[in-house]
Amino acid sequence: MDIHLYNTDGRESQIFKPLQNGEVGMYCCGPTVYNYAHIGNMRPYTIQDILKRTFTYFGYNVSHVMNITDVGHLTDDGDEGEDKMIKAAREKGMSVWDIARFFEEAFWKDLERLNISRPTVSCRATDHIGDMIDMIRTLEEKGYTYISGGNVYFDTSRFPEYGKMALLDRQELREGARVGVDDNKRNYSDFVLWFTNSKFENQAMVWDSPWGRGYPGWHIECSAMSSRYLGKHFDIHCGGIDHIPVHHTNEIAQSEAANGCKWVNYWIHNEFILMKTGKMSKSKGNFLTVQSLVDEGYDALDYRYLLLGGHYRSQLVFSWESLDAARSARESLVRKVKALAGEGQAAAALAGKAREYLASFEEHLVDDLNTPRCLADIWSLLKDRDLTSPDKLALIYRMDGILGLRLEESAAQEEEAPSIGGDIEALIEERNRARGEKNFSRSDEIRDELLARGIRIIDTPQGTTWEKV
RNA sequence: GGCGCCGUACCCAAGCGGCUAAGGGAGUGGAUUGCAAAUCCAUGAUUCAGCGGUUCGAGUCCGCUCGGCGCCUCCA
């Protein structure tokens with residue numbers, strides 16, 4: 001089945017053609033580990049997870065590489081400001097190395113809670129300084145660099161295709177609109193490959209290099225590490241839409257200049273999650289973490305559902321109301337799946353109308369990952385009276401293999417009795433006795449009491465059960 | 001100033017030239033229930049910000065107006 005993806009390079013939907021039959025190499029920009037990742041950061045990882053599952057579903061072998069940026073970068077725009085890692089380290093009273101590991105662990109935990117599968121390879125920038133130095137040397141040998149003010153710069157005027165993917169030539173950039181102009185640069189768009197001349201003090205992470213002791217510029221890691229793990233030319237590069245004009249533009253320039261060939265075939269960029277007050281960003285402080293949603297009583301998967309409810313290339317404004325709606329929908333799905341599972345096993349094979357539903361789902365999936373439609377397919381098949389329960393279960397389990405809402409797992413989960421300082425069963429028995437005697441004030445009293453302790457009573461024709469609120 | 005995106009029911013959100021404008025949440029009515037919860041059934045835009053235009057046919061293409069947002073070297 002053809003997989004259609006919107007390629008930023010060309011700004012059109014294209015049929016995915018792998019470089020090697022049955023193989024996909026994808027590189028995804030990973031986290032900068034000086035703080036917790038926020039829920040906006042989780043959108044790219046979620047959609048990349050969907051993309052990867054889609055390829056796997058259709059039989060591809062996926063090599064998924066993600067970097068961990070654990071080298072310090074700057075708090076301010078341009079070459080001003082304090083190193084973020086050092087700032088965090090000072091504030092937490094930890095070393096920069098410990099800070100990096102601490103937030104990296106927190107990141108993996110968030111991915112796990114959102115049911116995002118781990119990349120095939122995750123690579124730390126600090127483990128690949130040698131690769132970066134090698135690449136800078138190659139660029140230097142080929143004449144793409146110059147040294148100015150103690151730092152090594154990439155000379156963008158030597159790379160005629162600079163900014164092609166980002167369509168920068170169409171824009172009249174307002175130089176210095178937000179950022180101080182670096183007088184050491186020959187061209188406005190030039191960028192640092194290697195710093196030896198730090199503008200801030202106490203740089204904690206430094207390495208020896210042919211240009212002196214220092215540290216890498218912030219674009220080179222992705223070029224060096226992707227080439228190492230995926231080769232000089234690979235299929236897909238993913239990231240947030242904000243990376244298009246600078247980070248990815250610079251990555252393309254230095255990679256293609258160094259490698260002497262086309263670097264990436266498909267660029268997949270996700271739009272932003274916004275707060276009502278505007279963009280969510282670490283430096284603005286108006287961000288929410290996965291943990292903060294959990295603290296508010298939500299399941300991380302409620303957020304995954306919320307993300308899947310919108311298309312990845314559209315902005316999505318986060319609100320508690322929409323998270324509530326996502327939670328209601330997800331919990332309802334789990335209940336329905338649970339009910340179906342109670343009726344028997346999933347069908348071993350799909351036939352007739354069930355196949356039509358699967359076909360529809362697949363069609364929506366390969367249409368640039370139209371997850372809102374995929375969710376709609378699930379809801380439609382649930383309501384279809386012509387499908388048997390085993391068919392529905394089989395379909396849902398299969399579809400959830402892509403959507404990753406852990407429906408099977410959640411439905412199979414036995415409710416764990418919270419400790420309420422008493423025996424739930426005994427109270428339920430007492431209540432049913434009261435109901436039998438039509439003593440409803442007593443039975444309602446017991447129900448309210450249990451509800452206050454987090455247990456909701458459910459009367460069914462088959463008897464009384466309970467669930468955690 | 002330049003580049004780009006968006007405006008679809010009470011809310012979120014698909015649809016991107018052609019059957020009756022997906023789906024979810026909330027609401028309402030009914031069935032069920034001692035009452036609830038859950039579940040099931042029913043119910044929702046003669047209409048897609050506004051105004052023009054192109055077309056046999058337009059949320060869907062073009063222009064203008066109004067409103068919102070993002071980017072222009074920290075950023076997913």
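The chains referred to below are lettered A, B, ... by the order of the sequence lines, with proteins before strands, and numbering in each begins at 1.
- Under the Watson-Crick or G-U wobble criterion, with both distances below 3.5 Å, B:G57 is left unpaired in every strand shown.
- In this structure, B:C35 forms no base pair with any nucleotide, since neither Watson-Crick nor G-U wobble geometry is met with both distances under 3.5 Å.
- The CD1-P distance, from A:Ile68 to B:A76, rounds to 12 Å in whole Å.
- Comparing the P positions of B:C6 and B:U47 gives an interatomic distance of 24 Å, to the nearest angstrom.
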>> Protein within reach of the bases, or only the backbone? For nucleotides 22-38 of chain B, mark each nucleotide 5' to 3' as B, S or -, using heavy atoms under 4.0 Å.
In response: BSSSS-------BBBBS
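- Between the CE atom of A:Met275 and the P atom of B:A76 there is a distance of 16 Å, rounded to whole Å.
- A:Arg11 comes within 4.0 angstrom of no nucleic acid atom, judged by non-hydrogen atoms across all strands.
- Between A:Phe102 and A:Tyr34, the distance separating the two ring centers is not shorter than 6.0 angstrom.
- Summarising the geometry, the separation between NZ on A:Lys164 and C1' on B:C3 is reported as 18 Å, rounded to the nearest angstrom.
- The pair A:Glu112-A:Arg118 does not count as a salt bridge, with every side-chain nitrogen at least 4.0 angstrom from each carboxylate oxygen.
- Counting non-hydrogen atoms under 4.0 angstrom, A:His243 reaches the backbone sugars and phosphates but no base.
- When heavy atoms are screened at a 4.0 angstrom cut-off, A:Gly310 is found touching the sugar-phosphate backbone but no base atom.
- Judged by distance alone, the side chain of A:Asn187 and the main-chain N or O of A:Asp190 form no donor-acceptor pair under 3.5 Å.
- Using a 4.0 Å cut-off between charged nitrogen and carboxylate oxygen, A:Asp444 and A:Arg431 do not count as a salt-bridge pair.
- Residues A:Lys52 and A:Asp49 are not paired through a salt bridge, judged by the lack of any N-O separation under 4.0 Å between the basic side chain and the carboxylate.
- In this structure, CD of A:Glu271 is placed 10 Å from P of B:G70, rounded to the nearest angstrom.
- Distance noted for atom C1' between B:U46 and B:A9: 14 Å (whole Å).
- Spacing between B:G52 and B:U43 at atom P, rounded to whole Å, works out to 35 Å.
- Applying the Watson-Crick and G-U wobble criteria (two distances, each under 3.5 Å), B:G7 pairs with B:C66.
- Figure legend. B:G1 is base-paired to B:C72; pairs are counted as Watson-Crick or G-U wobble with both atom distances under 3.5 Å.
- With ring centers used as reference points, A:His4 lies 6.0 Å or more from A:Phe16.
- Between A:Tyr45 and A:Leu382, the residue anchored closer to the 5' end of RNA chain B is A:Leu382, taking for each the nucleotide with the nearest heavy atom.
- Contact annotation: A:Thr371 does not reach the phosphate of B:A14 (side-chain N/O to OP1 or OP2, under 4.0 Å).
- Remark: the separation of the C1' atoms in B:U54 and B:C61 is 8 Å, to the nearest Å.
- Rounded to whole Å, the separation between the P atoms of B:U39 and B:A26 comes to 9 Å.
- Between the P atom of B:C72 and the OH atom of A:Tyr162 lies a distance of 13 Å, rounded to the nearest Å.
- In this structure, A:Asn35 places its CG atom 10 Å from P of B:A76, rounding to the nearest Å.
- Nucleotides of RNA chain B nearest to A:Gly30 and A:Val246 differ in position, and the one nearer the 5' end is that of A:Val246.
- Under the 4.0 Å criterion applied to side-chain N and carboxylate O atoms, A:Glu331 and A:Lys338 are not assigned as salt-bridge partners.
- Annotation: B:U8 and B:C3 have their C1' atoms spaced 26 Å apart (nearest Å).
- Taking the six-membered ring for Trp and the full ring otherwise, the centers of A:Tyr298 and A:Trp320 sit less than 6.0 Å from each other.
- Remark: P of B:C11 and CG of A:Leu316 are 16 Å apart, rounded to the nearest angstrom.
- The separation of B:G59 from B:G17, taken at their C1' atoms, amounts to 11 Å, rounded to a whole angstrom.
- When heavy atoms are screened at a 4.0 angstrom cut-off, A:Ile273 is found touching base atoms of the nucleic acid.
- As judged by a 4.0 angstrom heavy-atom cut-off over every strand, A:His311 is placed among residues touching the sugar-phosphate backbone only.
- B:G4 atom C1' lies 10 Å from atom CD of A:Gln315, rounded to whole Å.
- Among A:His243, A:His248, A:His247, the single residue meeting the ring-ring contact (aromatic ring centres under 6.0 Å, His included) criterion with A:His269 is A:His248.
- In this structure, B:G27 shows a glycosidic angle more than 90 degrees from zero, which is the anti conformation.
- Nucleotide B:G23 forms a Watson-Crick or G-U wobble pair with B:C12, both donor-acceptor distances falling under 3.5 Å.
- Look at the C1' atom in both B:G63 and B:A58: the space between them is 15 Å, to the nearest Å.
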